[in-house]
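Have a look at the structure below before the remarks.
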Protein chains: 2
Amino acid sequence: MLRHTPESVADAAAVAALLQIGAEIGADQVLDSGETFSASDMARAAGVPLAGITAYLAALLAAGLIAETEVPGDFQAAADYTDLRHQAGYVSWAMNANGPFIDHARAFLTDPDQAARTHRRNGRRVAVSSRWIGERAFYPQIVEQVAASGALRVTDLGAGAGALLIELLHENPTRTGTAVDSNGAACAAAREAALASGVLDRLTVVERPIESLVDDPEPVSGAEAILACYVMHDIVADDRTAQNVLGALRDALAPGGFLAVADAVSYAQQPQERKFSALFTYLHSTFMSVHLPTEQEWLDKFDKAGFSQTRTVPIGLPGGRLFVASR
Amino acid sequence: MLRHTPESVADAAAVAALLQIGAEIGADQVLDSGETFSASDMARAAGVPLAGITAYLAALLAAGLIAETEVPGDFQAAADYTDLRHQAGYVSWAMNANGPFIDHARAFLTDPDQAARTHRRNGRRVAVSSRWIGERAFYPQIVEQVAASGALRVTDLGAGAGALLIELLHENPTRTGTAVDSNGAACAAAREAALASGVLDRLTVVERPIESLVDDPEPVSGAEAILACYVMHDIVADDRTAQNVLGALRDALAPGGFLAVADAVSYAQQPQERKFSALFTYLHSTFMSVHLPTEQEWLDKFDKAGFSQTRTVPIGLPGGRLFVASR
């Protein structure tokens, strides 16, 4: 299921901590860029004194996360950097993004409502670790579905910083995309990334909650593919909301179009996914009051919303499924 | 090097988060006991409402960390629980115990001294994750050294909750032990554990900092083995303190006695240890102002302190070594 396993869990834990430190200081943009860089480049990008960056780079070099180039003082990410970052994503999501839940577990297990008001997760930490996981675990399967269908008009719901849409715009130069996200900072990041990547002219960014599409479906209207990665589980728990939102998406799709939902099922039981699925299900239930549907409940929800047929495609995220629901 | 690798890093990350939640609410004592237990037993031990524990146990069951027994409503830890907990230790230490460092990385890289005064680690979280790692990674090698030497009088420096000494007291019923720790809570926990384990009559607990042994070596005087697991690196960075403390330990040993130091070396370069060693070295240097010696520097320090010979024994902790220095 996972293509690259590090030497040991200790390796993955160390990589996660080192990369999380990078994400905290804003050095991740330099590491992720694929370009060569110097300590000064990173210090400038992160806004951190050079001495701090020099020591940090020495650690990354010793860990094999970066390598020296032929130019003295210039570095580049190691060949297996994106594989290591993917594995680190699970560690960062479980332990760092959910840190406030874990640190205040007693409060959540005693009075969940009060605790949820007091102890919130950091949105950027959740987004960064989710991206590290997702871009290897289910982006490839979604790109494959869209490419195979030939869909040219694609809307991504909960698009975040737009990475998946930008990949799809590169995959086909005649494709156009719409990114919908309720978070203003995410929308700004998506515009910035599209500009840097040269596809801003084919990307529309809309700052809106997904539920608002019921009353005004314009951002999805006529789409040949609508994508929703790990955002729908917040919406579908309530049957009526699920039917309204999924129904509106179905009605908005172009003939032959499809809705692709990558999301989690409740307590998946396969040996290779039961542990991470247990954590994911439990954290959502006890710490976020989100009750995940089982695989069958997901399928029933698409059926009730009027989709003619839904296929389940396996993805690389334990406890995750890709549901492809045809109009 | 590591005997049991979980299916994937996602597994280990999930296990770490689930067990860390248990440690936060005090449910770990129930899971670690090896006894069967009910939800009520755990709720009582943790002082958490039954509903919270019931949901937590459902997650542990789904994850395969506990199993149902023949008695309905009674559970026991899974057969591979201690293996999984060992792996989780690396994740918990890297991400949870060091959480304050990671979350405030920008402050530490900008003004380390000020940041170190403001953002401190939680001692219990450090101790719990260190124990999860240590009891599999180097306890066996130390027990083997002590057993092979036949040492009957053993002192453990930085003994924490006394787990290693208690194991040694069980290994030989004529052995006596002295636990030295500067932390009062750790000393109380060691007494409690020794009582529960039936060896309190052979254990002396002394609440003292290790440095105080220079002026008053009574707790180590005449010991046939002195142990120090991951506590000496705080002391040996300064050459003079190192020589004073190590010299006092050497002088206090019985003829034929030895000092066994399990500790970290700076930036170990073996492929299977470079990543965790890089994190360990970097965190100590930048976030704790502790500069680890290299393997050769460690050996030189034992030599300078008057030990006749020091052997290096490999241990299962990446970047760690067991130094056995003979009087």
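The structure displayed is predicted, hence computed values, not measured ones. Here is how names work: the chains are called A, B, and so on, in the same order as the sequence lines, proteins then strands, and each is numbered from 1.
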Working to the nearest 0.5 angstrom, can you tell me the gap between [X] [atom1] and [Y] [atom2]?
| X | Y | atom1 | atom2 | value |
| --- | --- | --- | --- | --- |
| B/Leu18 | A/Ile102 | CG | CD1 | 8.5 Å |
| B/Ser8 | A/Phe276 | OG | CZ | 9.0 Å |
| B/Leu279 | A/Ile21 | CG | CD1 | 6.5 Å |

Contacting region of B/Thr110 [heavy-atom separation from chain A under 4.5 Å]: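 Contact with chain A involves both backbone and side-chain atoms of B/Thr110.
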Please look at B/Phe280 and chain A and tell me whether the side chain, the backbone, both or neither of the residue comes under 4.5 angstrom of a heavy atom of that chain.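 Neither; nothing under 4.5 Å.
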With a 4.5 angstrom heavy-atom cut-off, is it the side chain or the backbone of [X] that approaches chain B, or both, or neither?
| X | result |
| --- | --- |
| A/Leu61 | backbone |
| A/Tyr56 | both |
| A/Asp103 | both |

Between [options], which residue shows the highest count of heavy-atom pairs closer than 4.5 Å to chain A?
| options | value |
| --- | --- |
| B/Ala94, B/Ala88, B/Gly26 | B/Ala94 |
| B/Ala27, B/Gly64, B/Gly89 | B/Gly64 |
| B/Ala51, B/Ser277, B/Gly99, B/Ala46 | B/Ala46 |
| B/Gly22, B/Ala278, B/Gly52, B/Ala62 | B/Ala62 |

For residues B/Tyr267 and A/Ala55, report the shortest heavy-atom separation together with the two atoms involved. OH-O, 4.4 Å
Shortest non-hydrogen contact from B/Arg106 to A/Gly47?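 Result for this residue pair: NH1-O, 3.2 Å.
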Audit row: B/Ser92, A/Met95, side-chain contact (heavy atoms from CB on, under 4.5 Å) steps and yes/no: CA-CA 8 Å; B/Ser92 285; A/Met95 299 300 285; 3.9 Å; yes
Most heavy-atom pairs under 4.5 angstrom with chain B, which of A/Ala63, A/Ser285, A/Ala268? A/Ala63
Run the salt-bridge test on A/Asp11 and B/Arg274 with the 4.0 Å N-O cut-off and return the result as yes or no.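 The answer is no: the pair does not qualify as a salt bridge.
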Verify, without hydrogens or angle tests, whether A/Lys275 (side chain) and B/Val15 (backbone) share a donor-acceptor contact under 3.5 angstrom.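 Answer holds: no.
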